[in-house]
Amino acid sequence: MIISWNTTNDCNMYCRHCYRDAGSRLSDELSTEEGQRLIGQIARAGFKIMIFSGGEPLMRNDIYTLVAGAKEQGLRPVLGTNGTLITGAVARRLKESGAAVVGISLDSVDRSSHDDFRAAPGAWRGAVDGMRACREAGLPFQIHTTVMDWNLPEVERLTDFAVQCGAVGHHIFFLVPTGRAVNIEAESLREAHYEMLLRRLMRKQAEVGIELKPTCAPQFMRIAAQMGVKTRFSKGCLAGISYCIISPRGIVQPCAYLNLPAGDVRKDPFDEIWRDATIFHDLRAEEYQGGCGQCDYNKVCGGCRARAYYYSGNYLAEEPWCSYRQDLSTQV
């Protein structure tokens with residue numbers, strides 16, 4: 001089970017697609033003490049992997065204390081960062097604190113395209129320098145790419161770049177319109193390109209020795225099965241089933257892009273929220289509607305619940321950008 005904690009809204013960038021609409025620190029973010037208590041409750045709930053993200057988690061002065069606290073609780077600490085603040089000293093300190101892997105965002109092999117998307121001149125150079133610092137410190141890192149219509153042609157080149165840089169994985173995030181991303185919804189992939197890219201990634205996986213993981217594209221489970229590609233994953237959309245996220249203020253929601261509250265850790269212990277929240281019970285029942293309800297792959301795919309909610313207002317509705325679902329609907 002995996003959990004993400006947006007440790008802060010503070011960020012040194014203003015990325016066009018930020019689901020958290022990050023920028024400035026909030027006055028009422030969880031304190032170090034509250035964070036340590038939360039980490040204990042997360043461990044008690046049975047989670048294994050804890051992602052520290054933001055905003056930019058390295059903007060928190062206590063991030064090393066929090067990472068060490070997660071490690072002490074038996075969790076596997078992972079950092080999600082833009083990479084620009086990772087110097088050699090930061091990488092070494094993260095490793096000493098117990099960080100297992102660092103995920104660094106890189107959206108293009110072209111410097112200017114990445115910098116424009118991240119609204120930060122020098123972002124590309126800073127991310128790559130951060131990767132080098134991790135490599136030299138012996139801290140494993142992976143590259144995270146948000147795929148849009150404009151960088152669709154270069155995804156495999158980014159995978160090759162990840163291999164060249166010494167990354168242990170390349171995770172490809174499919175845009176879900178939430179936060180600032182609602183302003184660029186038109187740039188997100190539609191059915192044909194969505195399906196095409198997932199098939200490209202399955203083929204690319206056979207060519208490289210690092211893990212390629214489509215994220216917020218649960219149809220990869222169906223496509224892997226159709227193409228005979230073995231995967232270590234058992235479910236596409238994990239929201240509310242074996243994954244959730246916590247905001248800087250302690251609000252729990254099923255995933256980063258399904259912005260519906262399940263509870264508040266300042267009012268109730270996280271492990272109780274995880275066990276009892278109605279929205280989690282709904283998602284775990286897997287009683288999907290429309291094409292997703294009819295689909296042969298609905299138990300291994302599940303469709304993107306956040307994308308369903310954005311386009312229909314119903315988080316159990318059918319996934320809107322699925323060509324297989326459309327094929328099913330023509331058979332009815």
Side-chain angles (χ1 to χ4, degrees), residues 1-13 20 22 25 29-106 120 122-144 161-171 209-211 213 243 245-246 248 250 265 270:
M1 299 205 307
I2 307 172
I3 191 165
S4 295
W5 174 24
N6 295 140
T7 56
T8 182
N9 205 61
D10 200 4
C11 193
N12 61 330
M13 293 186 183
R20 186 55 68 192
R25 186 183 303 273
E29 294 179 355
L30 295 180
S31 66
T32 306
E33 181 181 356
E34 288 174 315
Q36 294 283 38
R37 184 164 57 249
L38 171 63
I39 290 168
Q41 294 167 359
I42 287 169
R44 194 164 67 212
F47 284 81
K48 302 301 181 185
I49 299 173
M50 182 161 185
I51 304 170
F52 294 88
S53 62
E56 171 51 56
L58 289 171
M59 300 290 280
R60 276 193 75 130
N61 294 330
D62 62 353
I63 191 64
Y64 306 103
T65 300
L66 295 169
V67 168
K71 177 71 172 178
E72 290 168 4
Q73 290 284 349
L75 296 165
R76 187 170 189 258
V78 176
L79 210 73
T81 171
N82 59 48
T84 61
L85 301 180
I86 303 178
T87 62
V90 167
R92 289 190 294 273
R93 193 172 176 189
L94 282 171
K95 184 178 181 181
E96 291 166 1
S97 300
V101 181
V102 174
I104 298 177
S105 298
L106 196 73
W124 190 94
R125 183 72 264 167
V128 174
D129 286 347
M131 294 175 201
R132 185 179 65 250
C134 288
R135 185 176 65 249
E136 291 175 351
L139 177 59
F141 70 93
Q142 59 196 34
I143 288 180
H144 292 172
F161 187 80
V163 173
Q164 175 187 338
C165 290
V168 297
H170 183 201
H171 288 205
I210 66 172
E211 179 180 83
K213 171 62 168 65
Y243 173 80
I245 194 166
I246 301 168
V265 301
F270 169 77

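Remark: the backbone N or O of P248 is not paired with any side-chain donor or acceptor of R20 at under 3.5 angstrom. The main-chain N or O of F270 is found under 3.5 Å from a side-chain atom of Q41 such that the two form a donor-acceptor pair. Put simply, the side chain of R135 gets close to the backbone of C165: a donor and an acceptor are under 3.5 Å apart.
Taking CD of E29 as the start and OG1 of T8 as the end, the distance is 3.5 Å to the nearest 0.5 Å. Once rounded to the nearest 0.5 Å, the distance linking SG of C11 with CZ of R25 reads 11.0 Å. Rounded to the nearest 0.5 angstrom, I86 CD1 and T81 OG1 are separated by 4.5 Å. Distance check, rounded to the nearest 0.5 Å: CZ of F141 to CD1 of I104 gives 6.5 Å. To the nearest 0.5 Å, atom CD of residue E72 and atom CD of residue Q36 are 7.5 Å apart. In this structure, NE2 on H144 lies 9.0 Å from NE2 on H170, to the nearest 0.5 angstrom.
A 4.5 Å side-chain heavy-atom check between P57 and W5 finds every atom pair outside the cut-off. Counting heavy atoms from C-beta outward, I2 and V78 have side chains that stay 4.5 Å or more apart. Between R60 and T32, some side-chain heavy-atom pair lies under the 4.5 Å cut-off. In this structure, the side chains of Q73 and I42 stay at 4.5 Å or more apart for every pair of heavy atoms.
A22 approaches N9 most closely through the heavy-atom pair CB-O, 3.4 Å.
Checking S53 against N6 by side-chain atom types alone, a donor-acceptor pair falls below 3.5 Å. Looking only at atom types and distance, the side chain of N82 has a donor-acceptor partner in the side chain of E56 under 3.5 Å away.
With L75 as reference, I39 is the one residue of I49, I39, I51 to meet the side chain to side chain contact (heavy atoms under 4.5 Å, CB included) rule.
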